[in-house]
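So that the names make sense, note that chain A is the first sequence line, chain B the second, and so on, each numbered from 1.
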Protein chains: 2
Amino acid sequence: MEQRCVELGLKMTGQRRVIARVLSEAKDHPNVELVHRRANAIDNRISLATVYRTLRLFEEVDILERHDFGDGKARYEKADQDHHDHLIDVKSGKVIEFQNREIEKLQAAVAERLGFKLVGHRLELYAVPLADDATESGE
Amino acid sequence: MEQRCVELGLKMTGQRRVIARVLSEAKDHPNVELVHRRANAIDNRISLATVYRTLRLFEEVDILERHDFGDGKARYEKADQDHHDHLIDVKSGKVIEFQNREIEKLQAAVAERLGFKLVGHRLELYAVPLADDATESGE
DNA sequence: GTAACTGCAAACGCTTTGCGCGAAA
DNA sequence: TTTCGCGCAAAGCGTTTGCAGTTAC
């Protein structure tokens with residue numbers, strides 16, 4: 001990810017490096033506050049404003065993807081991976097990634113049938129565990 | 001819609017009647033400010049707070065559906081119609097409704113394969129017109 | 001009559017921004 | 001030296017809420 005930033009001519013400061021690292025290592029979809037907390041665990045002089053500015057910057061150059069899963073807070077993940085959509089376990093709040101080529105194709109077909117060219121989409125599945133032994137957790 | 005409110009035991013005040021009517025007659029997906037403006041065209045003593053409170057109330061009893069198409073403002077439509085998803089023309093902002101049984105089935109299948117039971121979903125297609133003669137409009 | 005609703009204005013939560021300072025090129 | 005990023009605090013925005021007066025039943 002750092003390499004990517006250099007290619008784009010972004011000045012890599014200490015703060016940005018830390019924030020980049022936090023998201024590189026994240027296996028979940030942290031919101032801004034969580035990124036801030038994790039960044040501060042590494043360097044506690046990073047302000048919330050800088051986190052907001054940096055996340056936005058990274059999003060603009062397509063290093064990160066921003067999501068909104070309906071709780072009113074932006075959540076981030078790195079964008080360099082294969083495209084996928086999200087299933088949100090409404091019991092635990094956990095987010096699971098999935099891919100489905102067939103749905104993607106149908107989406108493009110629907111758009112075309114309506115006279116449009118698909119340029120993006122948002123698909124989120126809200127679901128509950130089948131075997132109801134859900135463990136409560138933040139994600 | 002008014003009938004529906006009475007069934008639910010909602011007190012039908014003048015303000016609520018107006019707001020219900022505005023959304024009954026809406027062919028688009030107005031945001032709160034727009035609902036407020038349209039309601040005021042009928043009775044200019046309806047406050048924004050009441051619009052917010054009423055829309056939320058109607059949403060809670062499933063008279064209305066709330067959407068968030070990514071512009072940070074809630075948008076509403078009546079909920080009594082067939083289920084559908086939305087295609088957003090990113091050129092004009094226009095919203096087109098569509099149905100696709102096959103996508104719905106695949107969504108349920110995806111959820112099940114992951115060990116979940118689908119309880120809701122959000123699908124939005126962002127697209128541009130194929131024949132690029134888009135007329136700019138609010139919706 | 002009384003519980004429920006309303007308007008107003010203040011507060012809310014998330015996010016952005018103006019400013020002066022400090023670091024990098 | 002000039003540009004850019006930073007922390008801080010204040011402001012912005014859509015939305016919610018406390019309160020006192022008003023309305024529907």
- request: Name every residue in residues 40-49 of chain A that has at least one heavy atom under 4.0 Å from any atom of DNA chain D, in order of residue number, or write none if there are no such residues.
  value: A:R45, A:I46, A:S47, A:A49
message: Let's go through A:R45 and A:D43 carefully: what are the C-alpha distance in whole Å and the side-chain angles of both, what is the deciding distance for salt bridge (Lys or Arg N to Asp or Glu O under 4.0 Å) to 0.1 Å, and is it a yes or a no?
response: CA-CA 6 Å; A:R45 292 164 318 188; A:D43 175 352; 3.3 Å; yes
task: Would you grab the first and last nucleotide of DNA chain D (5' to 3') that comes under 4.0 Å of any non-hydrogen atom in chain B?
output: D:dG14 to D:dC25
Neighbours of DNA chain C within residues 65-74 of chain A, by heavy-atom distance under 4.0 Å: A:G72, A:K73, A:A74
Degree of bending in the helix from C:dG1-D:dC25 to C:dA25-D:dT1 once both end axes are built from five pairs, to 10°: 20°
- prompt: Between the side chain of B:R17 and the main-chain N/O of B:M12, is any donor-acceptor distance below 3.5 Å?
  reply: yes
- request: For B:K11, report the nucleic acid contact type (base, sugar-phosphate, nothing); a contact means any heavy atom under 4.0 Å.
  value: base
message: Can you tell me which residue among B:V22, B:L55, B:N31 is in a side chain to side chain contact (heavy atoms under 4.5 Å, CB included) with B:Y76?
response: B:L55
Donor-acceptor contacts, no H, no angles, side chain residues 111-128 of chain A, under 3.5 Å, sequence neighbours left out:
{"unit_1": "A:H121", "atom_1": "ND1", "unit_2": "A:Q107", "atom_2": "OE1", "d": "3.2"}
{"unit_1": "A:H121", "atom_1": "NE2", "unit_2": "A:H83", "atom_2": "NE2", "d": "3.3"}
{"unit_1": "A:H121", "atom_1": "NE2", "unit_2": "A:D85", "atom_2": "OD1", "d": "3.0"}
{"unit_1": "A:R122", "atom_1": "NE", "unit_2": "B:E124", "atom_2": "OE1", "d": "3.2"}
{"unit_1": "A:R122", "atom_1": "NH2", "unit_2": "B:D68", "atom_2": "O", "d": "2.7"}
{"unit_1": "A:R122", "atom_1": "NH2", "unit_2": "B:E124", "atom_2": "OE1", "d": "3.2"}
{"unit_1": "A:E124", "atom_1": "OE1", "unit_2": "A:Y126", "atom_2": "OH", "d": "2.6"}
{"unit_1": "A:E124", "atom_1": "OE1", "unit_2": "B:R122", "atom_2": "NE", "d": "3.2"}
{"unit_1": "A:E124", "atom_1": "OE1", "unit_2": "B:R122", "atom_2": "NH2", "d": "3.2"}

field: Nearest-nucleotide 5' precedence on DNA chain D, B:R53 against B:V32
entry: B:V32
Expected output: side-chain A:H67 to main-chain A:E65 donor-acceptor under 3.5 Å: no
message: I need the residues from residues 13-24 of chain B with at least one non-hydrogen atom less than 4.0 Å from DNA chain D; give them sorted by number, or say none.
response: none
query: Just by distance, do the side chain of B:H84 and the backbone of B:I96 share a donor-acceptor pair under 3.5 Å?
result: no
query: Reckon A:R56 has a side-chain N or O less than 4.0 Å from the OP1 or OP2 of C:dT17?
result: yes
query: To the nearest 0.5 Å, how far apart are CG in B:D28 and CG in B:L34?
result: 6.5 Å
